[in-house]
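Presented below is the structure to which this report refers.
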Amino acid sequence: MQEQYDFRTIESKWQKRWEENREFAVAENRNQPKYYVLEMLPYPSGALHLGHVRNYSLGDSIARFRSMQGFNVLHPIGWDAFGLPAENAAIRHQVPPKTWTLKNIEQMKQQCRRMGWSYDWHRELATCTPEYYRWNQWFFLRMYEKGLAYRSRGSVNWCEECQTVLANEQVVNGLCWRCPSPVVQKEQEQWNFRITDYAEQLLQDLDQLEDWPERVITMQRNWIGKSVGARVRFRLGGPSGEGIDIFTTRLDTICGATFMVLAPEHPMVKAWLGDDSDGRRLKALLEQVRRQDRSHRTADDAEKLGAFTGRYAWNPFRGEMIPIWVANFVLMDYGTGAIMAVPAHDQRDFEFARKYGLPVRTVIEPVEGTPSAPPDQAFVDPGRLVDSGLFSGLTSGEAKRKMAEYAARKGFGEATVSYRLRDWGVSRQRYWGTPIPIVYCSRCGTVPVPEDQLPVVLPRMEGSDLGRSPLAQVPDFVRTICPCCGGPARRETDTMDTFVDSSWYFYRYTDARNSEEAIRRDAVRYWFPVDIYIGGVEHAILHLIYMRFFTKVMRDLGIVELDEPVRTLFTQGMVIKDGAKMSKSLGNVVAPDEIVQKYGADTLRLFIQFCAPPARDLDWNDRGLEGCWRFLGRLWRLLYRYRSDWPGDGMPVAGEASAESSPRARILQRKLHQTIRKVTSDLERLHQNTAVAAIMELLNSVQEYVDHGQPDRELLHETLTKIALLLAPFAPHFAEEMYSILGHRHGIASASWPRHDPDLAREETVEFAVQVNGRVRSRIQAPADVASDKMEELALADERIRGHIEGRNVLKVIVIPKRLVNVVAR
RNA sequence: GCCCGGAUGGCGGAAUUGGCAGACGCACAGGACUUAAAAUCCUGAGGAGGUUCACCUCCGUGUGGGUUCGAAUCCCACUCCGGGCACCA
């Protein structure tokens, strides 16, 4: 063996060998328990960053650990390869997005290989290939058949920078989630997925996600935003006029409604924009509201703006006419876009009423205590009804139920629920995405592309042709034949949101090359659910809700048999630098390539897992790298120093050492078995940082052992062999080389995870602390099986303790077996 | 405003169930090796004080209180940092 630790030679040697041996290629094997390790697939930007390194190194340590434990581990990788950056880069550099993307994938793949991650490359997929996206189209058609994909015209979120529509989930604080520039509202026709049909299930099944972080669950719950209430029809002009539905969660307050408010976008409002004074007033308001973007309009401190419509509506509960207003604080896309306003019991209504001088009528009083005389804010708590006709005297809870029944009986309302979740707008007016497989025919209307004509292939386009709705500029693409009547027709030119691609890719991995069907049910049955899914928390309500939705749709289509696809979700902390997210604009980007060049992949992998617990943000500081580099160097020098002791070719590998020989040997052997126990349990609970620390401690113990006399060769060999095994999930190349130097002839990747022997791990003596009144005053050595009363006896006999309790009364002695004695003395 | 997370040496962090705070690593200091440096190896270290040091005392896990024989850990109030939600009727 070489005297120097030459990571370059070692790492490329093993990477090549793993590849030649198809080391990480797996197949379904019903006789072996499976384990599916999934990491969120990367966008192929062209350069691996430290966030990727952290994410994928964690996943890899889990995959290798579980595989050595005997699981059949599926550990795949792919590329989230559609999307705007490719298009923007193409425009900038005048290359087709496809060329740019494929080149990036190639580059990143090389970087992944250099990191030594144990992917089954035979299952690699890129979402931009027709072999993949044809199945997006296929899902789209299945959903279209079921009425889950539909086209609508309405106000949509539009990003001017990206020149495309965004789904609600993709608007973050009024800004585009990607660029981020302001999002404006725009009338547009677009395709949607009916995710709202699944709102209740998406909410209910959150309870099944026992091993998901609480905050992700909470974010999803808030996003779905279920509220239980009632719908009530108010009629224009009187008891028999045209109906306007309102939604309320406080039906009990309905007799306190003193006016109604419609959203500016409410369809009823359009009819009232005439040339009379009412119409002019409304037009002026609409103009004012239009100038506010949505985030501004919904900000907490935004001023309430409204205008009277000149119309009145009939409150069926009270039998009276109330004025109808239009105001910015009512949103068209929640509830029915119209509310009853109860200023006495709703803070927003109260503020609005005060601003415009509208009446306030109290209908709820506190169950106990007296109502505050001149209210300067709304009383929003539940209470007892007053001035509410038949319902006066009831509590809020009773009243809600009885009033809903009453409304249903009388036919002007019913109990209902409302969700904040909106349907998923999937049309994108861009080129680099999956073409939506729909054809428009002047005779037959909207016609789905027949399945046997899939995929609808994206035509090749140059960077210079891209821009606004690019596909509409390609006549050969647009012009087509109607699958129904054979007449001339035109294709849909929108492409799909790239979140469609990532909503089901992890199913595709189970049979990635299947050209007959999107997903083979048997394969999913074997590999699913995903045992652990690792990624950043930034997808808590984007990808992670779309993915759950797709699973439920696929289940209802009979494709899979699960409610939820992922058992454990692990949200990884971000890698930051100097307290800020790494970004080109801040100039604080650290390139993994340079670190790999200088120290090798193993050192980087070891360090990034060692320096912080995986869930926490990691403030990168490369000084600490030296520590891991030195650790591997020390281990190498130890191997080299005793190189003549390792069994060579044809010689038998030493068996288990019998450490009868010396107390020092027993100490080392005990430490070894304790370390195996600790590393195993740390990996099971994802504490990679302390697992690495434990291996470092073990090496320190070995070093101490060999520095104080002639080592037992068998014990040394056994210990180093197990260090190699423990190290394999973190520094796999080093571990392989070490294992082979120690004379093992099969690879370490397929070796078995070591087991600890509880008898050998057991301490022979314990040192327990003795406290007087909670302060440690002495430490005592005792046999490991020391009894509690013996501990007490030893403690009270201890000289230092005697000094401390002299002249006091011992009131109590608390003994924690094998750990501590506390003498309470006053 | 509401909800969630976090705060531990000079730094990253450890402490699995309320039981010896500071594992492991970095940086630092001293020493060995060397012509010298790098690399490597050894040793030291939370802070303050006393004894003249290898023993002892006090303080110490963001702040202030509390529960307990005992609190980094549990409870209450607060400060700061990070994240999410925020006119949702």
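The basis for the numbers below is simple: all heavy atoms, side chains too, and nothing from hydrogens, waters or symmetry mates. In what follows, chains carry the letters A, B, and so on, assigned in the order in which the sequence lines appear, proteins first and then strands, with residues in each chain numbered from 1.
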Legend entry - Axial cation check for A:Tyr640 ring with A:Arg643, 6.0 Å and 45° limits: yes
Inset, instruction - Provide the Watson-Crick or G-U wobble partner of B:C55, both distances under 3.5 Å; none if there is no partner. - result: B:G50
Inset, instruction - Under 4.0 Å between any heavy atoms, over every strand shown, what does A:Gln771 touch: base, sugar-phosphate, or nothing? Just pick one. - result: base
Inset, instruction - Can you tell me the pairing partner of B:C85 across any strand shown, Watson-Crick or G-U wobble, with both distances under 3.5 angstrom? - result: B:G1
Inset, instruction - Could you tell me whether the side chains of A:Asp682 and A:Gln688 share a donor-acceptor contact shorter than 3.5 Å? - result: no
Inset, instruction - Using a heavy-atom cut-off of under 4.0 Å over every strand shown, decide if A:Lys226 touches base, sugar-phosphate, or nothing. - result: nothing
Inset, instruction - Would you kindly compare A:Asn689 and A:Ala694 by the position of their nearest RNA chain B nucleotide and give the one closer to the 5′ end? - result: A:Asn689
Legend entry - B:U52 and B:G60, which share atom name P, separated by this distance in whole Å: 28 Å
Legend entry - Spacing of the C1' atoms in B:G46 and B:A27 (rounded, Å): 16 Å
Inset, instruction - Whole angstrom is fine here: how far is it from CD in A:Gln703 over to P in B:U43? - result: 10 Å
Legend entry - Separation of the P atoms in B:C74 and B:C4, to the nearest angstrom: 14 Å
Inset, instruction - Counting Watson-Crick and G-U wobble pairs only, both distances under 3.5 Å, name the nucleotide matched with B:C11, or none. - result: B:G25
Legend entry - Spacing of the P atoms in B:A72 and B:U8 (rounded, Å): 15 Å
Inset, instruction - Report which part of the nucleic acid A:His804 touches: base, sugar-phosphate, or nothing (heavy-atom distance under 4.0 Å, all strands). - result: sugar-phosphate
Inset, instruction - Write down the distance separating the C1' atoms in B:U67 and B:C76, rounded off to the nearest Å. - result: 11 Å
Legend entry - Lys/Arg-Asp/Glu bridge criterion (N-O < 4.0 Å) met for A:Glu793, A:Lys790: yes
Inset, instruction - Measure the spacing between CD1 of A:Ile814 and OG of A:Ser788 and express it to the nearest 0.5 Å. - result: 12.5 Å
Legend entry - Length of the line joining A:Trp620:CH2 and B:G25:C1', which is rounded to integer Å: 13 Å
Inset, instruction - Could you check whether A:Arg685 gets within reach of a base, just the sugar-phosphate, or nothing at all, counting any heavy atom under 4.0 Å? - result: base
Inset, instruction - For A:Arg800, answer base if it contacts any base atom (sugar-phosphate contacts may also be present), sugar-phosphate if it contacts only those atoms, and nothing otherwise; contact means non-hydrogen atoms under 4.0 Å. - result: sugar-phosphate
Inset, instruction - From the options B:C85, B:A89, B:C69, select the nucleotide whose nearest atom is closest to the side chain of A:Arg420. - result: B:C85
Inset, instruction - Report the distance from atom CG of A:Leu632 to atom C1' of B:G25, rounded to the nearest whole Å. - result: 13 Å
Inset, instruction - Would you classify A:Arg777 as touching base, sugar-phosphate or nothing, given that sugar-phosphate means primed atoms plus P, OP1 and OP2, and contacts are heavy atoms under 4.0 Å? - result: sugar-phosphate
Inset, instruction - Kindly assign one of parallel, tilted or perpendicular to the pair A:His539 and A:His543, based on the angle between their ring planes and the thresholds 30° and 60°. - result: perpendicular
Legend entry - Watson-Crick or G-U wobble mate for B:U17, both contacts under 3.5 Å: none
Inset, instruction - With heavy atoms under 4.0 Å as the rule, sort A:Asn822 into base, sugar-phosphate or nothing. - result: base
Inset, instruction - Quick one: label A:Glu214 by what it contacts on the DNA or RNA (base, sugar-phosphate, nothing), any heavy atom closer than 4.0 Å. - result: nothing
Inset, instruction - Just compare B:G13, B:C24, B:C87 and give me whichever is closest to any side-chain atom of A:Asn700. - result: B:C24
Legend entry - Rounded distance in Å between the P positions of B:A14 and B:G66: 31 Å
Inset, instruction - Scan A:Asp349 against the nucleic acid and name what it touches under 4.0 Å (heavy atoms): base, sugar-phosphate only, or nothing. - result: nothing
Legend entry - Counter-base of B:C78, judged by Watson-Crick or G-U geometry with both distances under 3.5 Å: B:G62
Legend entry - Watson-Crick or G-U wobble partner of B:U34, both distances under 3.5 Å: none
Inset, instruction - Give a yes or no on whether the ring-centroid distance for A:Tyr5 and A:Phe734 is below 6.0 angstrom. - result: yes
Legend entry - Under 3.5 Å on both distances, the Watson-Crick or G-U partner of B:U68: none
Inset, instruction - Rounded to the nearest angstrom, tell me the gap between atom CG in A:Asp619 and atom P in B:A7. - result: 15 Å
Inset, instruction - Write down the distance separating the P atoms in B:A37 and B:C56, rounded off to the nearest Å. - result: 40 Å
Legend entry - Whole-angstrom distance between B:G70 and B:G62, as gauged at atom C1': 23 Å
Inset, instruction - Calculate the interatomic distance between A:Met574 atom CE and B:G83 atom P; express it in whole Å. - result: 7 Å
Legend entry - Heavy-atom pair with the smallest gap, counting every atom of A:Glu626 and A:Tyr599: OE2-OH, 2.8 Å
Inset, instruction - Return the value, rounded to whole Å, for the distance between atom CZ of A:Phe730 and atom C1' of B:C24. - result: 13 Å
Legend entry - Residue A:Arg623, side-chain atoms from C-beta onward, closest of B:A89, B:A27, B:G13: B:A27
Inset, instruction - Check the distance between B:G13's P and A:Ile608's CD1 and give it to me in whole angstrom. - result: 13 Å
Inset, instruction - Would you mind classifying the nucleic acid contact of A:Thr248 as base, sugar-phosphate or nothing, using non-hydrogen atoms under 4.0 angstrom? - result: sugar-phosphate
Legend entry - First of A:Gly225 and A:Glu767 reached from the 5' end of RNA chain B, by closest nucleotide: A:Glu767
Legend entry - Lys/Arg-Asp/Glu bridge criterion (N-O < 4.0 Å) met for A:Arg641, A:Asp707: yes
